[in-house]
Amino acid sequence: MSICCGCSSFYKQNISSDFLKPSFISIRKIKPTTGNWTPKCTASDDTNDIHELLKILPHDLRDNLVMESKKDQLLEVILDLGRLPVACFLGDSGRKYLRDTEISMEELEYAENAIGEIGGDNRAGITGTLHRISAVRNRKGVVVGLTCRVGRAVRGHIDMVRDLLQFGESILFIGRPGVGKTTVMREISRVLSDELQKRVVVVDTSNEIGGGGDIPHPAIGSARRMQVSKPYMQHKVMIEAVENHMPEVIIIDEISTRAEVDACQSIAERGIMLIGSAHGDRLENIIKNPVLSHLAGGVESVTLGDQEARKRDGRKSVSERGGPSTFPFMIEMRDRHYWVVHKTERSVDALLRGEKPRVEVRKRDKQMKVIIEKWKIEN
């Protein structure tokens, strides 16, 4: 069954009658609008090459990883002073010690010099790649640990959300760290700018979306990238992007402060589509967060009159959504291939009433086809 007709009612404003319909499952592959595209989640050859990242590692670790059979599944390498170096892999591959001797200060200094300048947020990139290096410092500011994370331009995630992009509504991705939010937004940047011909600006605070260096990585397509000199300036660069460059879409990773939330609200009020991400496992986490809850309309306490209180089991005070949501859609990324789509205002209202919201579950089967379960009450 095609998703287009079946899903459209889910996204219309007045769909109360649709909730009376039984749940069902549809399976589909979405073809690209233009260009060469594969529905499977695959990493492009150039970004799957991790040799640029391996260059900053000690020679013996580099040689071990070059010969590693699971190299394509490498997630990150952890170098901590006085501890054994560890390689972490995707999926069930787990962790692996790369040798039986501890990391020395000389090896950390070698890696730090190979990286170059590490920013105020203790992050650095490698020019022309999507790899990210994060530093751990002691109380004197000396680097005593490095997390060297592999960055890959993975294609194929977009078919989980491609139909939503056609509506031009803002979308917030939420999920735990490492679930793939930045990877998805990188591909959305490419599709919106190249296939849907939108004017897209990526506000890239730590160069995680567009990669290291002044020239953005090809993974974001023709989207423009604005770098942020200091993390606390992110909200100002967001507003600057709108006022100076006339974007139709703003893409922003890791919304976390009240200033960034306010900037998102201001941008949405100007009719600009937002694609953003925030840390939080479920929508309930966003609602309970005193800062991020404003992205979902905010929560306020309302005092009821006696007659209304009797209708609500005698409760004199209830929590209600304070206003419209900045992001009409919120997507919980439970894992890379299992997403839960919320119509934000409807789900927030249900949760504040103590009810489980009706959602749309999107997941992949063993053949990597997208399965959609509509009007499901998800636990």
Side-chain angles (χ1 to χ4, degrees), residues 40-45 47-112 114-115 118 121-126 129-138 142-154 156-157 173-184 186 206-208 211-212 253-254 277 279-281 332-339 364 366:
K40 291 187 177 182
C41 294
T42 57
S44 57
D45 293 338
T47 53
N48 201 29
D49 186 352
I50 65 170
H51 289 294
E52 292 298 321
L53 181 65
L54 297 184
K55 287 180 181 178
I56 73 171
L57 302 179
H59 293 288
D60 57 335
L61 304 188
R62 185 189 315 167
D63 295 340
N64 289 342
L65 287 171
V66 166
M67 301 301 296
E68 172 60 52
S69 61
K70 298 179 292 185
K71 180 175 63 177
D72 289 345
Q73 297 298 312
L74 181 64
L75 177 65
E76 62 187 15
V77 177
I78 298 174
L79 310 177
D80 284 334
L81 179 64
R83 292 187 173 182
L84 301 180
V86 178
C88 301
F89 299 88
L90 292 169
D92 298 327
S93 302
R95 300 157 62 93
K96 176 181 178 179
Y97 290 112
L98 295 175
R99 70 183 189 199
D100 56 6
T101 56
E102 294 83 3
I103 292 293
S104 68
M105 180 59 76
E106 290 75 16
E107 289 173 321
L108 286 175
E109 290 174 350
Y110 169 82
E112 186 178 359
I115 295 165
I118 298 177
D121 56 354
N122 283 317
R123 293 180 179 180
I126 299 175
T129 76
L130 299 172
H131 308 314
R132 187 189 80 190
I133 293 87
S134 301
V136 177
R137 299 181 185 271
N138 64 15
V142 177
V143 173
V144 294
L146 292 171
T147 302
C148 308
R149 192 175 183 89
V150 178
R152 296 182 174 94
V154 180
H157 286 297
F173 291 89
I174 56 179
R176 66 185 184 278
V179 78
K181 299 185 295 297
T182 302
T183 300
V184 171
R186 190 181 294 130
S206 298
N207 285 0
E208 285 196 67
D253 199 9
E254 296 185 6
S277 74
H279 289 308
D281 195 41
E332 298 175 2
M333 295 180 64
R334 303 284 179 85
D335 63 39
R336 292 178 184 270
H337 303 306
Y338 190 101
W339 298 6
R364 293 182 188 273
K366 294 181 180 179

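Since the structure is predicted, the reported quantities are computational estimates derived from the model, not experimental observations. The residues of the chain are indexed from 1 along the displayed sequence.
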Whether the side chain of H131 engages the backbone of G151 through a donor-acceptor N/O pair (distance < 3.5 Å, no angle test) should be reported. yes
Calculate, to the nearest 0.5 Å, the distance between atoms CD1 and OG1 belonging to I133 and T147 respectively. 10.0 Å
Atom pair CD1 (I126) and SG (C148), whose distance is rounded to the nearest 0.5 Å: 7.5 Å
Give a yes or no answer on whether the side chain of R186 reaches the backbone of R152 with a donor-acceptor pair at less than 3.5 Å. yes
Mind checking side-chain contact (heavy atoms from CB on, under 4.5 Å) for R149 and listing every partner two or more places apart, or none if nothing turns up? L75, E76, R132
Give a yes-or-no answer on whether the side chains of N122 and S134 include a donor-acceptor pair shorter than 3.5 Å. no
Separation of L61 CG from I56 CD1 (nearest 0.5 Å): 10.5 Å
Kindly give the heavy-atom pair with the smallest separation between L74 and C88, and that separation in Å. CD1-O, 3.5 Å
For Y97, the side-chain hydrogen bond (donor to acceptor under 3.5 Å, both in side chains) test, sequence neighbours excluded, returns none
Checking N64 side chain against L98 main chain: does a donor-acceptor pair fall under 3.5 Å? yes
Once the angle between the rings of H337 and H157 is folded into 0 to 90°, is it parallel (under 30°), tilted (30 to 60°) or perpendicular (over 60°)? parallel
Side chains of E254 and K181, heavy atoms from C-beta outward: is any pair under 4.5 Å? no
side-chain hydrogen bond (donor to acceptor under 3.5 Å, both in side chains) partners of S206, counting only residues at least two apart: D121, R123
Any side-chain heavy atom of V77 within less than 4.5 Å of one from L54? no
Nearest 0.5 angstrom please: L81 CG to S104 OG, how far? 8.0 Å
Hey, are the side chains of L53 and T129 touching, using non-hydrogen atoms and a 4.5 Å cut-off? no
I'd like to check the salt bridge (Lys or Arg N to Asp or Glu O under 4.0 Å) partners of D60; sequence neighbours left out, ordered by chain and number. R99
List in chain and number order the residues that pass side-chain hydrogen bond (donor to acceptor under 3.5 Å, both in side chains) with E68, two or more places apart in sequence or in another chain; answer none if no residue qualifies. K96
Residues forming a salt bridge (Lys or Arg N to Asp or Glu O under 4.0 Å) with K55, sequence neighbours excluded: E52
On a heavy-atom basis, which atom in L57 and which in Y110 lie closest, and how many Å separate them? O-CE2, 3.8 Å
Taking atom CG of L108 and atom CD1 of I103, what is their separation to the nearest 0.5 Å? 6.5 Å
Please find the pair of heavy atoms, one from V144 and one from R137, that lie closest to each other, and give the distance. CG2-C, 4.0 Å
Starting at CD of E107, measure out to NE2 of H59 and round the result to the nearest 0.5 Å. 10.0 Å
